[in-house]
Chemist: 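One structure, as structure tokens, below. Some questions next.
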2 protein chains.
Amino acid sequence: MTAATETPKPHLLELLWRAAPETSRGPRKGLTVDEVVAAAIALADAEGLEALTVRRLAQSLGKAPMTLYTYVPGKTELVALMLDALFERMEATAVEGPWRERLAAVARDNYALYRAHVWAASAAPSRPPLGPGQCTKYERELQALEGLGLTDVEMDDALAHLLAFVRAAAQDAAQSEAEREASAQSDQEWWEANGPLLAKVLDVEKFPTAVRVGRAAGEAHDAAYNAEHAFAFGLERTLDGLAALIER
Amino acid sequence: MTAATETPKPHLLELLWRAAPETSRGPRKGLTVDEVVAAAIALADAEGLEALTVRRLAQSLGKAPMTLYTYVPGKTELVALMLDALFERMEATAVEGPWRERLAAVARDNYALYRAHVWAASAAPSRPPLGPGQCTKYERELQALEGLGLTDVEMDDALAHLLAFVRAAAQDAAQSEAEREASAQSDQEWWEANGPLLAKVLDVEKFPTAVRVGRAAGEAHDAAYNAEHAFAFGLERTLDGLAALIER
DNA sequence: ATCGTACTCTGTACTATATACAACGTACGA
DNA sequence: TCGTACGTTGTATATAGTACAGAGTACGAT
């Protein structure tokens with residue numbers, strides 16, 4: 001084995017941009033990276049990120065588990081590819097209207113994406129690797145901030161801030177949904193089981209404000225609407241916060 | 001075995017409030033829930049949440065792995081207990097001064113908590129279970145919003161919004177730090193490896209705004225200070241957003 | 001004082017994960 | 001035509017959470 005023969009692991013960036021050097025020797029590939037990624041997304045969409053195992057994925061593609069490692073160096077890289085593919089195909093509202101509506105649309109598009117692909121919210125780093133999908137998305141979303149008198153750095157800061165809010169909100173929504181499903185208990189059962197203890201322990205003397213506010217919040221939105229409400233409230237606050245910068 | 005003999009698994013709430021019914025039969029317990037939780041926190045602080053395994057934790061306590069299941073029903077509950085313990089001991093700035101300073105202090109306290117216990121940011125649900133620590137924290141933090149003319153529901157919304165921002169920011173900071181350490185590459189090495197490809201692929205024609213803004217942002221804050229900057233920027237925006245509600 | 005039993009503790013075992021490694025076979029380039 | 005680079009796969013390893021059953025302990029009832 002000479003030094004020139006060594007083929008280092010393909011970098012993540014090469015994979016993202018599908019820039020791996022082509023080889024012609026050996027048997028034909030039975031799959032493409034895109035097929036693997038698409039199957040992985042389908043699986044994660046249907047059954048969640050924890051159900052996305054190399055075995056299950058290989059099975060759904062009709063291959064042996066280890067075969068996938070020919071296409072993708074490991075699971076980490078696979079998830080990065082899945083995310084970028086999502087960004088690439090993402091549905092986006094056209095950028096138009098006053099700035100507040102434009103940014104609200106960006107937020108809602110992202111929220112819809114994360115709600116449709118729950119796993120993405122927990123998998124996405126705040127600054128995903130620079131794949132084609134991410135770049136396209138970044139470019140498009142920056143348009144919504146163009147011409148508002150912000151510096152370039154402020155544009156980046158503002159967008160990152162908005163997107164971080166959306167991702168957190170989507171993650172919270174998904175989690176509260178998952179918890180409700182997992183606990184298989186109805187609200188009534190839960191209260192029957194835990195109410196007595198809580199009543200004893202949630203001392204109004206000790207937690208006066210918490211009890212008062214907590215009760216009000218609980219009554220206002222029955223748990224089901226909580227997450228959507230939090231998103232709506234948070235979005236208005238976030239846009240108000242950016243307004244202070246933009247309309248300065 | 002009669003029905004009356006059955007001892008159902010202790011609910012999480014009972015554990016959180018240390019309200020498990022005492023038993024006197026059998027050998028003395030060699031540990032307490034608090035000791036287990038404290039050891040788990042120490043381990044997670046030192047080596048991260050992924051290093052917190054039942055085996056390692058048991059070893060650090062000088063017990064066999066399965067012994068821990070006498071104290072805690074499972075790992076999920078353990079993490080919940082760890083979080084609540086953290087909240088209980090959390091250092092908090094006194095609530096005083098104008099509202100903006102009070103809320104900024106709440107944010108900074110939470111940020112410091114999550115930066116000191118990196119695992120907590122990723123483990124914490126947005127609405128952690130109602131343990132004593134969580135209640136104490138909620139009560140204290142609501143004080144910072146008292147007397148501002150908000151309704152009870154708005155107080156809850158506003159606090160949740162602020163805390164969600166802080167958690168997301170801390171998570172991002174931790175993640176970018178972890179990535180930098182994991183990749184063991186210096187920035188220079190990274191650019192040498194990936195620069196050529198990026199230069200080819202990041203077409204200025206196709207991504208004009210992205211390239212311009214991305215470059216400006218990259219130059220403005222070298223990656224190391226990025227996260228802290230994002231927190232500072234985001235905090236101001238979040239407080240501005242709440243100001244629109246409070247000073248309405 | 002004795003004895004049953006509830007309870008702690010522990011060793012073993014099961015299932016499932018990601019993935020390293022080596023064997024096998026294919027088909028291109030020389 | 002043949003060597004070799006490479007796709008594919010079976011086997012194997014390390015590590016996870018935790019179910020289960022056996023062994024020993026000490027309180028409470030008798």
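Every chain is numbered from 1 and lettered A, B, ... according to where its sequence line falls, protein lines coming before strand lines. Computed from heavy atoms alone, side chains included, the values below leave out hydrogens, waters and symmetry copies.
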Chemist: Find the distance B:Y69:OH to C:dG11:C1' and express it as a whole number of Å.
Modeler: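 The answer, rounded to whole Å, is 15 Å.
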Chemist: Filter on side chain to side chain donor-acceptor pair (under 3.5 Å), then keep only pairs touching residues 45-55 of chain A, sequence neighbours left out; what's left?
Modeler: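 Passing the test, one end in residues 45-55 of chain A: A:D45-A:H117, A:D45-A:W119, A:E47-A:R56.
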Chemist: Considering residues at least two apart in sequence or located in another chain, which fulfil the ring-ring contact (aromatic ring centres under 6.0 Å, His included) criterion with B:F207?
Modeler: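 So B:F207 forms no ring-ring contact (aromatic ring centres under 6.0 Å, His included) with any residue.
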Chemist: Does anything in residues 63-74 of chain B form a salt bridge (Lys or Arg N to Asp or Glu O under 4.0 Å)? List the pairs, not counting sequence neighbours.
Modeler: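 The answer is none; no pair qualifies.
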Chemist: In whole angstrom, what separates B:L57's CG from D:dA16's P?
Modeler: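 So the two atoms are 12 Å apart, to the nearest Å.
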Chemist: Which residues pass the side chain to side chain contact (heavy atoms under 4.5 Å, CB included) test with A:Q59, not counting sequence neighbours?
Modeler: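 Expected list: none.
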Chemist: Check every atom of D:dG7, D:dT9, D:dG17 against the side chain of B:R55 and return the nucleotide holding the closest atom.
Modeler: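 Minimum distance to the B:R55 side chain belongs to D:dG17.
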Chemist: Would a distance-only check, ignoring hydrogens and angles, find a side-chain to backbone donor-acceptor pair under 3.5 Å from A:D84 to A:Q134?
Modeler: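 A pair under 3.5 Å: yes.
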Chemist: Rounded to whole Å, how long is the line connecting atom CD of B:Q59 with atom C1' of C:dG11?
Modeler: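 Atom-to-atom, B:Q59 to C:dG11, this comes out as 16 Å.
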Chemist: Can you list everything that forms a side chain to side chain contact (heavy atoms under 4.5 Å, CB included) with B:A40? Sequence neighbours excluded, please.
Modeler: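 So B:A40 forms a side chain to side chain contact (heavy atoms under 4.5 Å, CB included) with B:L52, B:L57, B:L78, B:M82.
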Chemist: In this structure, how many angstroms lie between the C1' atom of C:dT8 and the NZ atom of B:K63, rounded?
Modeler: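 One finds 9 Å between C1' of C:dT8 and NZ of B:K63, rounded.
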Chemist: Looking across every strand, which nucleic acid part, if any, lies under 4.0 Å from A:T23 by heavy atom: base, sugar-phosphate, or nothing?
Modeler: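 Sugar-phosphate: the residue A:T23, judged by heavy atoms under 4.0 Å, touches backbone atoms but no base.
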Chemist: Under the ring-ring contact (aromatic ring centres under 6.0 Å, His included) test, which residues partner B:F165, sequence neighbours left out?
Modeler: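 B:F165: ring-ring contact (aromatic ring centres under 6.0 Å, His included) contacts with A:H161, B:F231.
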Chemist: Would you indicate what B:T67 reaches in the nucleic acid, counting non-hydrogen atoms under 4.0 angstrom: base, sugar-phosphate, or nothing?
Modeler: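 The answer is base, as B:T67 lies within the cut-off (heavy atoms under 4.0 Å) of a base atom.
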Chemist: Nearest whole angstrom, please: distance from the P of C:dC9 to the CG of B:L61.
Modeler: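 Those two atoms, CG and P, are 11 Å apart.
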Chemist: Out of D:dT9, C:dC9, D:dG7, which nucleotide sits closest to the side chain of A:Y71?
Modeler: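 Nearest listed nucleotide: D:dG7.
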Chemist: With a 4.5 Å heavy-atom cut-off, do A:L49 and A:S122 have their side chains touching?
Modeler: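 Side chain of A:L49 against side chain of A:S122, heavy atoms only: contact under 4.5 Å found.
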Chemist: Who are the side chain to side chain contact (heavy atoms under 4.5 Å, CB included) partners of A:R18, not counting sequence neighbours?
Modeler: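 Expected list: A:V33, A:D34, A:L81.
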Chemist: Encode nucleotides 20-30 of chain D as B, S and - characters from 5' to 3', where the letter depends on protein heavy atoms closer than 4.0 Å: B to the base, S only to sugar-phosphate, - to neither.
Modeler: B---BBSBS--
Chemist: Can you sort out which residues in residues 35-54 of chain A have a heavy atom within less than 4.0 Å of DNA chain D? Ascending by number, please.
Modeler: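 Under 4.0 Å from DNA chain D: no residue of residues 35-54 of chain A.
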